[in-house]
**Q** 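I have a structure I would like to understand better, so I am pasting it below and will then ask my questions one at a time.
Here is the naming used below: chain letters follow the sequence lines, and residue numbers restart at 1 for every chain. Values in this document were obtained by computation on a predicted structure and should not be read as measured data. All heavy atoms count here, side chains included; hydrogens, waters and symmetry mates do not.
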Protein chains: 2
Amino acid sequence: MNTESIYDYLERIANLIRTDVRKTGVAKGLQPVQLEALHYLSRCNRYSNTPVAVADYLGLTKGTVSQTLGVLESSGFIEKQADLNDRRVVHLNLTVDGARVVSDAIPPNILKSAVDGLSETSRNEITATLNQVLRELQTANKLKTFGSCKTCRYHLTQEDGRRRCGLTMEWLTEADAEKICREHQPTAESV
Amino acid sequence: MNTESIYDYLERIANLIRTDVRKTGVAKGLQPVQLEALHYLSRCNRYSNTPVAVADYLGLTKGTVSQTLGVLESSGFIEKQADLNDRRVVHLNLTVDGARVVSDAIPPNILKSAVDGLSETSRNEITATLNQVLRELQTANKLKTFGSCKTCRYHLTQEDGRRRCGLTMEWLTEADAEKICREHQPTAESV
DNA sequence: GTCAATAGGTATTGTGTCGATACTAACTCT
DNA sequence: AGAGTTAGTATCGACACAATACCTATTGAC
């Protein structure tokens with residue numbers, strides 16, 4: 001059984017990357033988790049930029065995430081904004097600083113230089129197998145998928161090309177369709 | 001460029017696994033890092049079971065690791081043993097409890113169930129591409145490889161099948177040859 | 001419509017990670 | 001013999017993280 005070696009590789013790769021992220025993050029006053037939260041917020045849609053969504057995505061409790069977000073707010077990387085319809089809900093928006101820090105630090109340099117050494121076909125192969133691992137993790141363990149809007153079961157495309165969400169019935173822009181949604185459901189054939 | 005998507009997948013996979021490891025680890029009173037340290041100690045050779053080696057492997061400072069090892073010692077998962085030749089050096093040995101906890105928790109269940117859903121060829125493909133990513137990370141960033149003894153540049157095999165280390169000139173058992181060494185150097189053709 | 005259940009969020013407390021700095025002891029090299 | 005180096009520990013402060021408790025707003029059952 002090579003489950004062990006798959007785990008060994010993943011653990012090792014994750015450690016190397018994490019060390020690198022820590023090193024470059026510390027220079028900007030950011031912990032690895034903080035950077036991951038910012039990274040998520042830079043890619044999620046307007047339904048998914050809330051504390052619970054971040055907690056779900058990172059697999060942490062809402063209490064823990066609340067603290068981390070507090071640090072990020074006081075450091076000026078995010079801003080909180082009350083929801084208009086549901087007064088319990090808070091939306092998190094990246095500040096200019098927050099956005100810049102994400103695009104500077106991600107993807108980490110250690111990975112950039114590693115991928116530079118790979119052929120185009122190798123890159124595609126790696127992307128495909130990682131995709132496969134992730135999907136298998138998600139389906140085998142019944143986890144939320146956090147996929148991009150346009151790959152969602154509820155994503156509707158009309159004849160005129162306009163898009164809308166089958167759950168909220170809201171219209172979506174092309175940019176919306178690329179973003180991560182916390183309500184994402186994989187399509188039938190992809191399960 | 002798909003460096004970003006490779007990073008996205010790796011980050012996501014690492015988070016899912018880490019969450020699972022945390023959950024099952026907490027039940028046994030172990031933090032994720034503690035489990036990784038134990039996991040390393042369960043696989044490394046007798047030159048590599050020291051605090052500095054653990055620190056190098058995990059990419060942390062020796063101070064940090066010293067603390068973590070202190071916790072592991074007082075919880076009864078490892079024992080410290082003075083080196084006979086160099087009185088600065090401490091060797092770390094897993095206790096029975098420590099060994100059991102590693103074999104219980106690793107590989108994590110989330111990964112086991114995911115890998116169960118894969119075909120034999122998929123598994124081999126995944127193992128191969130992860131191997132490629134790791135090697136590329138290591139060579140492109142000139143990191144220590146921490147490979148297994150038998151794949152080392154200094155590993156010598158005699159005509160009678162006996163093995164020895166070209167650095168220490170010590171004889172090696174078959175079991176030794178499988179273990180992780182902190183002095184590991186990749187062979188010429190693998191660079 | 002009212003009241004219980006639920007969901008989003010914060011506050012507090014305790015344990016542990018982590019780096020930085022400083023320190024001791026032992027080894028090496030010249 | 002003395003300078004530099006290496007293995008390891010100690011201490012401090014910032015932060016991660018879970019658990020618990022708590023508040024407010026929404027939902028849902030009747």
**Q** Determine, step by step, whether B/T139 and B/T145 satisfy the side-chain contact (heavy atoms from CB on, under 4.5 Å) criterion, reporting the C-alpha distance in whole Å, the side-chain angles of both residues, the deciding distance to 0.1 Å, and the verdict.
**A** CA-CA 8 Å; B/T139 60; B/T145 50; over 6 Å; no
**Q** Name the residue closer to the 5' end of DNA chain C, choosing between A/R22 and A/S66 according to the nucleotide with the nearest heavy atom.
**A** A/S66
**Q** If you look at every strand shown and take non-hydrogen atoms under 4.0 Å, does A/D83 touch a base, only sugar-phosphate, or nothing?
**A** nothing
**Q** Is there a donor on the side chain of B/Q31 or the base of D/dC17 sitting less than 3.5 Å from an acceptor on the other?
**A** no
**Q** How are the rings of B/Y7 and A/H39 set to each other: parallel, tilted or perpendicular (split at 30° and 60°)?
**A** tilted
**Q** Scan A/K80 against the nucleic acid and name what it touches under 4.0 Å (heavy atoms): base, sugar-phosphate only, or nothing.
**A** sugar-phosphate
**Q** Examine the base of D/dC15 for any acceptor or donor lying under 3.5 Å from a partner atom in the side chain of A/Q67, and report the outcome as yes or no.
**A** no
**Q** Under the 3.5 Å rule, do the base of D/dA18 and the side chain of A/T64 count as making a donor-acceptor pair?
**A** yes
**Q** Regarding B/D56, tell me which of base, sugar-phosphate or nothing describes its non-hydrogen contacts under 4.0 Å with the strands shown.
**A** nothing
**Q** For B/R88, is there an ion pair with B/D83 - N to carboxylate O distance below 4.0 angstrom?
**A** no
**Q** Check whether NZ of the Lys or CZ of the Arg B/R164 lies under 6.0 Å from the centre of the six-membered ring of B/Y154 and within 45 degrees of that ring's axis.
**A** no
**Q** Quick check on D/dT6: is either OP1 or OP2 less than 4.0 Å from any side-chain nitrogen or oxygen of B/R88?
**A** no
**Q** Quick one: label A/Q34 by what it contacts on the DNA or RNA (base, sugar-phosphate, nothing), any heavy atom closer than 4.0 Å.
**A** sugar-phosphate
**Q** Take atom CG of B/D20 and atom P of D/dC17, then tell me their distance rounded to the nearest Å.
**A** 16 Å
**Q** Measuring to OP1 and OP2 of D/dC17, would you say a side-chain N or O of A/T61 lies under 4.0 angstrom away?
**A** no
